[in-house]
Novice: 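Let me give you the structure first, and then I'll get to my questions.
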Amino acid sequence: MTLDIVTLFDYLGTFAFAISGVRLAAAKKFDIFGAYVVGFVTAVGGGTIRDLCLGITPFWMIQSSYVIITAIALLFTIAFKKWVVPLNATFFFFDAIGLGLFTVVGLEKSLAAGFPFWVNIIMGCITGAAGGMLRDVLINEVPLIFRKDIYAVACVGGGVIYYVLAKCGCPLIVDQFVTLCSVILIRVLAVYFNVNLPSLRPVEEGKKNNLDI
Amino acid sequence: MTLDIVTLFDYLGTFAFAISGVRLAAAKKFDIFGAYVVGFVTAVGGGTIRDLCLGITPFWMIQSSYVIITAIALLFTIAFKKWVVPLNATFFFFDAIGLGLFTVVGLEKSLAAGFPFWVNIIMGCITGAAGGMLRDVLINEVPLIFRKDIYAVACVGGGVIYYVLAKCGCPLIVDQFVTLCSVILIRVLAVYFNVNLPSLRPVEEGKKNNLDI
Amino acid sequence: MTLDIVTLFDYLGTFAFAISGVRLAAAKKFDIFGAYVVGFVTAVGGGTIRDLCLGITPFWMIQSSYVIITAIALLFTIAFKKWVVPLNATFFFFDAIGLGLFTVVGLEKSLAAGFPFWVNIIMGCITGAAGGMLRDVLINEVPLIFRKDIYAVACVGGGVIYYVLAKCGCPLIVDQFVTLCSVILIRVLAVYFNVNLPSLRPVEEGKKNNLDI
């Protein structure tokens with residue numbers, strides 16, 4: 001397999017996703033195996049849910065790259081701990097690239113399986129964002145992507161752009177590239193300008209907790 | 001597609017389930033996208049687990065109604081916030097109808113896939129109750145359905161009635177209707193008379209926590 | 001079906017896994033239905049994830065034994081509560097046998113589905129350890145297997161031994177038996193000598209929490 005540019009970005013995105021899982025596991029004092037599992041789930045969880053919904057074999061069971069990249073991410077975090085924080089901006093950029101690329105992969109796979117555009121957009125979003133959701137469930141935190149930043153919404157935005165360009169007769173390769181860049185741009189600009197979606201306020205105010213519906 | 005009575009109840013149930021997800025997300029100050037995801041998972045999560053277990057495409061990927069109804073539920077909760085609490089009794093009734101209908105759908109789909117009666121009952125129960133379980137996992141709470149009220153048990157009761165009537169040669173349409181009404185009745189009566197299942201007591205008393213097995 | 005020795009161990013392992021789920025649910029004051037669900041998910045959750053990834057029908061939908069054994073485990077925990085704690089060592093041993101047997105079953109099923117050795121090892125590990133992970137997610141605790149003891153790693157160790165022996169031309173039945181014993185031995189020795197994997201330390205020291213990446 002030649003390591004083309006798409007594969008390279010896919011691996012960098014996987015690496016960045018795995019690093020984020022390993023770091024959060026470390027913050028919870030997980031052991032190294034637990035950290036590996038959380039890193040792996042963060043990296044491949046979204047694509048796994050997508051593939052199960054599409055009725056195909058999870059992508060990471062076809063080639064061993066993702067298992068290996070997660071191991072490298074774990075070793076990297078342990079060995080170069082002092083580098084991880086200074087490299088925050090780098091990881092953030094890898095993560096944004098991964099988000100964009102995963103979105104495009106999700107869109108393509110769902111399209112290839114014959115689903116309509118709105119399913120494709122959801123699958124793009126699941127591919128990009130569900131890994132981080134599963135990560136937060138495993139470390140027993142309220143999923144960050146539900147409360148902070150533009151993250152999954154960047155995937156949805158990319159999905160809409162992908163669909164509109166395809167409808168306009170845009171060549172596939174251009175469409176993919178523009179979608180990828182859009183997701184990255186939405187994500188980067190949202191963090192740069194600290195844009196968040198509006199939060200909902202509890203329905204019953206004055207009560208500390210309205211969990212008992 | 002004609003909006004027949006079953007479809008109408010299905011949509012009302014989906015709406016009530018989505019509202020319950022959105023409300024709990026609001027109580028945790030999720031952003032609007034997070035609230036949408038929690039509402040959607042609450043509404044379609046049970047049926048998705050069922051369909052994956054049965055080896056068929058998740059039902060919400062076939063038609064866009066469920067994606068749209070969840071969006072309406074989100075907008076409704078935001079726009080008519082003051083109405084949500086006064087309408088509690090209405091939502092509770094929709095929710096009970098949804099529970100009953102989802103149970104019947106789950107029973108039917110599992111039966112159509114050729115599984116024995118006890119699998120059908122489990123699938124009916126998963127269809128009705130697993131969405132609420134996933135919702136509580138996502139908002140990082142101990143699932144309510146495990147601790148309070150007769151909820152999943154109403155689905156199991158409906159499943160048993162469905163099986164007994166079918167064995168007795170009851171016509172399908174009557175069987176479905178009786179099952180639907182049974183689930184709703186069990187649920188409504190349990191809440192009205194405040195009936196709960198007995199709780200288990202910790203195996204090791206005197207210890208604050210026996211999580212270290 | 002004749003109750004051969006493998007089936008007997010499978011059932012004892014399922015029983016021990018279900019007991020651990022019921023006990024943890026009891027510690028959280030779940031009602032009896034909730035305890036049943038947690039026991040069931042602990043017992044069959046790992047195999048279910050494996051079967052969904054392999055694209056086959058979840059094993060517990062084919063025969064009713066697992067549903068029944070979980071019910072017996074629930075009744076046992078309620079009726080013989082005073083016995084549960086004194087029998088801790090027995091349950092631990094059943095659990096270790098279950099872990100070993102589940103690992104072998106996972107390896108075999110994945111191999112039969114035509115996957116390469118590293119997927120088989122992961123499937124063995126998921127079969128043995130993912131049920132406990134799902135259990136801890138349902139009771140809203142950070143998964144124990146990520147923080148304590150050699151557990152999932154015993155499955156991985158067994159998987160590697162299985163592969164090496166198969167490569168060396170070892171007869172299947174011997175290979176299975178050695179793998180089973182290896183997993184049990186690794187698990188028992190690790191607990192006996194209180195061996196744990198090293199924990200990761202938070203990447204950002206001096207901060208209480210680095211969850212905001």
Side-chain angles (χ1 to χ4, degrees), chain A residues 48-56 110 113-123 125-126 129-130 132-134 136-157 190 195-213, chain B residues 16 19-41 44 48-49 51-53 55-58 60-64 66-68 74 77-78 80-85 87-88 91-92 95 132 134-142 144 147-149:
Chain A
T48 304
I49 295 180
R50 175 202 63 213
D51 288 346
L52 291 179
C53 284
L54 296 179
I56 58 183
S110 174
F115 285 98
F117 81 95
W118 57 273
V119 172
N120 302 346
I121 293 175
I122 296 175
M123 289 300 144
C125 184
I126 288 177
M133 191 189 73
L134 290 178
D136 293 348
V137 166
L138 286 186
I139 62 168
N140 203 22
E141 291 286 331
V142 173
L144 200 64
I145 61 159
F146 291 163
R147 291 175 303 160
K148 203 169 160 291
D149 292 345
I150 302 292
Y151 197 89
V153 172
C155 305
V156 174
V195 179
N196 292 295
L197 290 176
S199 286
L200 289 182
R201 264 168 309 169
V203 168
E204 286 123 310
E205 308 205 40
K207 287 181 65 178
K208 226 178 99 225
N209 187 317
N210 66 354
L211 289 181
D212 286 343
I213 47 169
Chain B
I19 290 271
S20 101
V22 171
R23 285 178 67 176
L24 293 186
K28 292 266 178 167
K29 301 190 179 149
F30 280 29
D31 65 31
I32 53 171
F33 185 83
Y36 182 85
V37 172
V38 176
F40 189 65
V41 168
V44 310
T48 304
I49 295 180
D51 288 346
L52 292 180
C53 284
I56 58 183
T57 300
W60 55 268
M61 293 167 69
I62 313 292
Q63 56 161 308
S64 53
Y66 303 97
V67 172
I68 295 165
L74 176 64
T77 314
I78 295 171
F80 303 106
K81 216 176 90 173
K82 287 185 202 311
W83 290 15
V84 172
V85 177
L87 284 176
N88 260 353
F91 288 129
F92 168 73
D95 188 273
L134 290 178
R135 173 197 68 203
D136 293 349
V137 167
L138 286 186
I139 62 167
N140 202 21
E141 291 286 330
V142 173
L144 201 63
R147 292 175 303 161
K148 203 168 160 290
D149 292 347

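The sequence lines fix the lettering, A, B, ..., with proteins before strands; numbering per chain opens at 1.
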Novice: Looking at CZ of B/Phe33 and CG of A/Leu197, how far apart are the two atoms once the value is rounded to the nearest 0.5 Å?
Specialist: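 Rounded to the nearest 0.5 Å, the CZ-CG separation comes out at 8.5 Å.
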Novice: What is the ring orientation for A/Phe146 with B/Phe30, classed by angle as parallel under 30°, tilted 30 to 60°, or perpendicular over 60°?
Specialist: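 A/Phe146 and B/Phe30: tilted rings.
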Novice: Under a 3.5 Å distance rule, please check whether A/Asn140 uses its side chain to pair with a backbone N or O of B/Asn140 as donor and acceptor.
Specialist: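 Pair absent, no side-chain N/O of A/Asn140 close to backbone of B/Asn140.
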Novice: Calculate, to the nearest 0.5 Å, the distance between atoms CG and CG belonging to B/Leu138 and A/Leu134 respectively.
Specialist: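 These two atoms lie 9.0 Å from each other.
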Novice: Is it the side chain or the backbone of B/Ile56 that comes within 4.5 Å of chain A heavy atoms, both, or neither?
Specialist: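 No part of it gets close to chain A.
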Novice: Examine whether an atom of B/Leu52 lies under 4.5 Å from a heavy atom of chain A, and if so say whether it belongs to the side chain, the backbone or both; otherwise answer neither.
Specialist: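 Side chain only.
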Novice: Can you say whether A/Ile150 sits under 4.5 Å from chain B via the side chain, the backbone, both, or neither, judging by heavy atoms?
Specialist: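 Contact with chain B is absent: no heavy atom of A/Ile150 under 4.5 Å.
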Novice: Please look at B/Ile78 and chain A and tell me whether the side chain, the backbone, both or neither of the residue comes under 4.5 angstrom of a heavy atom of that chain.
Specialist: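 Only the side chain of B/Ile78 comes within 4.5 Å of chain A.
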Novice: Taking every non-hydrogen pair under 4.5 Å, which of A/Gly55, A/Pro143, A/Pro198 racks up the most with chain B?
Specialist: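 Max contact count across the listed options: A/Pro198.
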Novice: For the atom pair CG (A/Leu54) and CE (A/Met123), what is the distance rounded to the nearest 0.5 Å?
Specialist: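 A/Leu54 atom CG to A/Met123 atom CE measures 5.5 Å (nearest 0.5 Å).
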Novice: Quick one: what part of A/Val142 sits under 4.5 Å from any heavy atom of chain B, side chain, backbone, both or neither?
Specialist: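 When you check distances to chain B, atoms from both the backbone and side chain of A/Val142 fall under 4.5 Å.
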